[in-house]
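What follows is one structure encoded as structure tokens, with my remarks underneath.
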Amino acid sequence: MKEMDLTEGKIGKALLQFSIPFLLASILQAFYGAVDLFVVGQFSTSSGVSAVATGSQVMQTLTGVILGISTGTTILIGQYLGAKKQQQIAQTIGTAICIFTLFAVCLTIVMTLLTPTLAKVMHTPIEAMEETKQYIFICSLGIPFIIGYNAASGIFRGLGDSKTPLILVAIACAINVIGDLILVAVFHMGAAGAAIATSASQGTSFLLAVIYLKKKGFSFPFHKKDIRLDTKKAKQIFRLGLPIALQDGLINISFLMITAIINLMGLTASASVGVVEKIIVFAMLPAQAFASAVAVMTAQNMGANKPQRAQKGLYTGISMALVFGVSFFVYAQIDSSKLIGLFTKDSDVIELSQLYLKSYSWDCVLICFLFLLNSFFSGCGRSIFPMIHSFIATFLVRIPGSYFLSKMQGATLYEIGFAAPVATILSLIICFVYFKRGTWKKMSVAS
């Protein structure tokens with residue numbers, strides 16, 4: 001496997017070379033849930049749409065936590081790669097394999113046992129309760145595949161390889177589409193059929209990742225003896241990844257709680273929020289892709305003691321992300337009915353979704369700054385800070401704001417949609433103050 005050195009050459013070109021494959025892979029990965037919602041929306045009922053929307057929010061929260069830990073692996077590998085410490089990279093990869101294997105076993109057991117409880121906690125509409133349980137339970141059985149794929153992708157990206165995850169997820173996505181069409185459209189299995197197709201496709205992506213790693217290997221020595229739980233490396237991975245996981249977890253938990261709050265407003269509101277969340281996931285992918293590129297570039301350059309180049313990479317990444325964020329915001333303000341119509345045929349859901357998206361879409365511009373600043377700080381080894389400001393914004397603004405707005409007389413999803421961008425503004429204020437202080441320059445885990 002050939003690593004990509006992000007410490008030399010033109011910054012803009014390097015970011016694009018890394019972020020475009022990551023963006024395409026992210027789009028395809030998000031396509032899993034979107035295809036589920038699209039097919040169920042076309043060939044099932046609003047209760048099926050609500051079930052997939054609610055169930056996929058639960059799984060998205062779990063995936064966000066897994067992705068956070070794998071990002072810790074990505075950053076640590078990137079810093080060691082920048083510092084030219086190959087043995088340390090091998091030990092990091094071996095430790096990551098042990099950590100994620102333990103995660104896979106424990107989380108699968110916990111999630112399958114908690115399925116009924118999770119469906120109830122989400123205030124799932126009674127009409128969609130059984131389908132939601134089925135969706136969560138089946139997807140929970142596929143947790144080892146979700147963890148395996150994200151762990152492998154974290155290793156690839158830490159080494160500067162964002163193309164391999166793209167190829168793997170493209171194949172899996174095709175399998176998911178075919179599975180959805182057969183199980184939902186032909187056999188009318190509803191949310192359960194969508195969950196089976198998703199789990200099968202995730203299993204395929206993980207299996208292909210394992211085959212690829214065994215066949216290609218690495219450009220540095222890596223042996224079976226390296227696959228062991230190195231305490232020091234484990235602490236470093238958790239030190240970098242756990243705050244990111246908690247940060248993503250907080251955001252997704254806030255989405256879960258907001259979904260639960262809005263579920264109390266009825267089936268139409270529940271389905272509308274589910275549709276918009278799926279659209280927002282796609283709208284935010286460019287910012288996430290450039291953020292991932294900035295995290296790896298920052299890690300490598302901090303490892304190579306090039307903080308100024310890392311800072312320039314941040315500015316370049318923000319400018320690139322804004323092109324996509326502003327474009328989507330403008331589109332959402334004009335007319336998003338056709339886009340929403342891809343996920344549902346219910347006119348009431350379409351109308352309500354448009355209102356929610358108009359206010360929520362402000363966040364698509366703001367996160368172009370927030371996501372990249374968070375990744376920059378994490379790449380510097382300062383991943384605790386993003387977790388702290390996310391906690392503040394989530395529990396002081398996003399969740400209470402959504403709750404109180406939902407209780408206002410005559411309030412609609414339009415008003416509730418402003419809770420997210422207002423919370424992001426608070427986080428940005430904290431980030432800008434922290435960035436100006438410059439303490440991020442003083443720390444690199446691998447140094």
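Values in this document were obtained by computation on a predicted structure and should not be read as measured data.
Of the residues K306, R309, K13, the one that meets the salt bridge (charged side-chain N to carboxylate O under 4.0 Å, His left out) test with E8 is K306.
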For this session: Output, in order, the C-alpha distance, side-chain angles, deciding distance and verdict of side chain to side chain contact (heavy atoms under 4.5 Å, CB included) for L428 and L373.
Result: CA-CA 9 Å; L428 279 175; L373 280 166; 4.1 Å; yes

Problem set entry | From CA spacing to verdict: ring pair (Phe, Tyr, Trp, His ring centres under 6.0 Å), F290, F371 | CA-CA 9 Å; F290 288 115; F371 283 4; over 10 Å; no

For this session: For D348 and T268, run side-chain hydrogen bond (donor to acceptor under 3.5 Å, both in side chains): C-alpha distance rounded to whole Å, both residues' side-chain angles, the deciding distance at 0.1 Å, then the answer.
Result: CA-CA 7 Å; D348 291 335; T268 300; 5.3 Å; no

Problem set entry | Worked check of side chain to side chain contact (heavy atoms under 4.5 Å, CB included) between V169 and S205 | CA-CA 6 Å; V169 77; S205 64; 5.6 Å; no

For this session: Kindly indicate, with the supporting measurements, whether the criterion side chain to side chain contact (heavy atoms under 4.5 Å, CB included) is fulfilled by H389 and I429.
Result: CA-CA 10 Å; H389 75 70; I429 292 172; over 6 Å; no

Problem set entry | Stepwise ring pair (Phe, Tyr, Trp, His ring centres under 6.0 Å) test for F145 and Y149 | CA-CA 6 Å; F145 306 140; Y149 169 76; over 10 Å; no

For this session: Please assess I279 against F328 for the test side chain to side chain contact (heavy atoms under 4.5 Å, CB included), listing each intermediate value before the final yes or no.
Result: CA-CA 10 Å; I279 293 173; F328 180 79; 3.7 Å; yes

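Side-chain N or O atoms of S361 include one that pairs as donor or acceptor with a backbone N or O of K358 at under 3.5 Å. In this structure a side-chain-to-backbone donor-acceptor pair under 3.5 Å is missing from S375 to A295. A donor-acceptor pair under 3.5 Å links the side-chain atoms of T74 to the main chain of G154, judged by distance alone. A donor-acceptor pair under 3.5 Å links the side-chain atoms of N176 to the main chain of T198, judged by distance alone. Checked by atom type and distance alone, the side chain of S199 never pairs as donor or acceptor with a backbone atom of I196 at under 3.5 Å. Side-chain atoms of Q236 do not come within 3.5 Å of backbone N or O of T92 as any donor-acceptor pair. Remark: the backbone N or O of L67 is paired with a side-chain donor or acceptor of T71 at under 3.5 angstrom.
Here the straight-line distance linking atom CD of Q202 with atom CG of L207 works out to 13.5 Å at 0.5 Å rounding. Taken from CG in L118 to OG1 in T132, the straight-line distance is 11.0 Å, to the nearest 0.5 Å. In this structure, the separation between CD1 on I66 and CG on L107 is 6.0 Å, given to the nearest 0.5 Å. Rounded to the nearest 0.5 angstrom, S140 OG and I146 CD1 are separated by 8.0 Å. Atom OG1 of T164 sits about 5.0 Å away from atom CZ of F156, to the nearest 0.5 Å. One finds the CD atom of Q79 at 7.5 Å from the CE atom of M302 (value rounded to the nearest 0.5 Å).
Residue-environment remark: OH (Y403) stays at or below the threshold of 12 foreign heavy atoms within 6.0 Å. By the 6.0 Å contact criterion, CG on L208 is enclosed, its count of non-hydrogen atoms from other residues, nucleotides or ligands being greater than 12. Other residues, nucleotides and ligands contribute only 12 or fewer heavy atoms inside 6.0 Å of the CZ atom of F404. By the neighbour-count criterion of 12 heavy atoms within 6.0 Å, atom CD of E351 is sparsely surrounded, having that number or fewer from other residues, nucleotides or ligands.
The side-chain heavy atoms of M111 and V58, taken from C-beta on, include a pair separated by under 4.5 Å. Considering only heavy atoms from C-beta on, F391 stays 4.5 Å or farther from M387 through its side chain. Side chains of I89 and L159 form a contact here, defined as non-hydrogen atoms less than 4.5 Å apart. Residues F377 and C431 form a side-chain contact, since some pair of their non-hydrogen atoms from C-beta on lies under 4.5 Å apart. Residues R239 and I384 have side chains not in contact (no heavy-atom distance under 4.5 Å, counting atoms from C-beta outward). By the 4.5 Å heavy-atom criterion applied to side chains, F238 and I99 are counted as neighbours. Using a 4.5 Å heavy-atom cutoff, the side chains of R382 and Y434 are in contact. Between L357 and Y414 the shortest side-chain heavy-atom distance does not fall below 4.5 Å.
Ring geometry for Y315 against F435 counts as perpendicular: the plane angle is over 60°, on a 0 to 90° scale with 30° as the lower cut. Ring planes of F103 and F100: perpendicular class, angle over 60° (limits at 30 and 60°). Ring-plane geometry between Y360 and Y356 is classed as perpendicular, the angle between the planes exceeding 60 degrees on a 0 to 90 degree scale with a lower cut at 30.
Q311 and N301 form no side-chain donor-acceptor contact under 3.5 Å, judged by distance and modelled atom types alone. With no hydrogens or angles considered, no side-chain donor-acceptor pair links S70 and N150 at under 3.5 Å. Side-chain contact check for Q88 and K233: at least one donor-acceptor pair (N or O, by modelled atom type) lies under 3.5 Å.
Across every non-hydrogen atom of I350 and I340, the tightest pair is CA-CG2, 3.9 Å. The two residues N374 and P386 make their nearest non-hydrogen contact at OD1-CB, 3.4 Å. Taking each heavy atom of A293 and S19 in turn, the nearest pair found is CB-CB, 3.8 Å. For the residue pair T298 and C380, the shortest heavy atom distance occurs at CG2-SG, 3.6 Å. Between S336 and A332, the closest heavy-atom pair is OG-O, 4.4 Å. When all heavy atoms are compared, the tightest approach of T424 to R398 is OG1-NH2, 4.0 Å.
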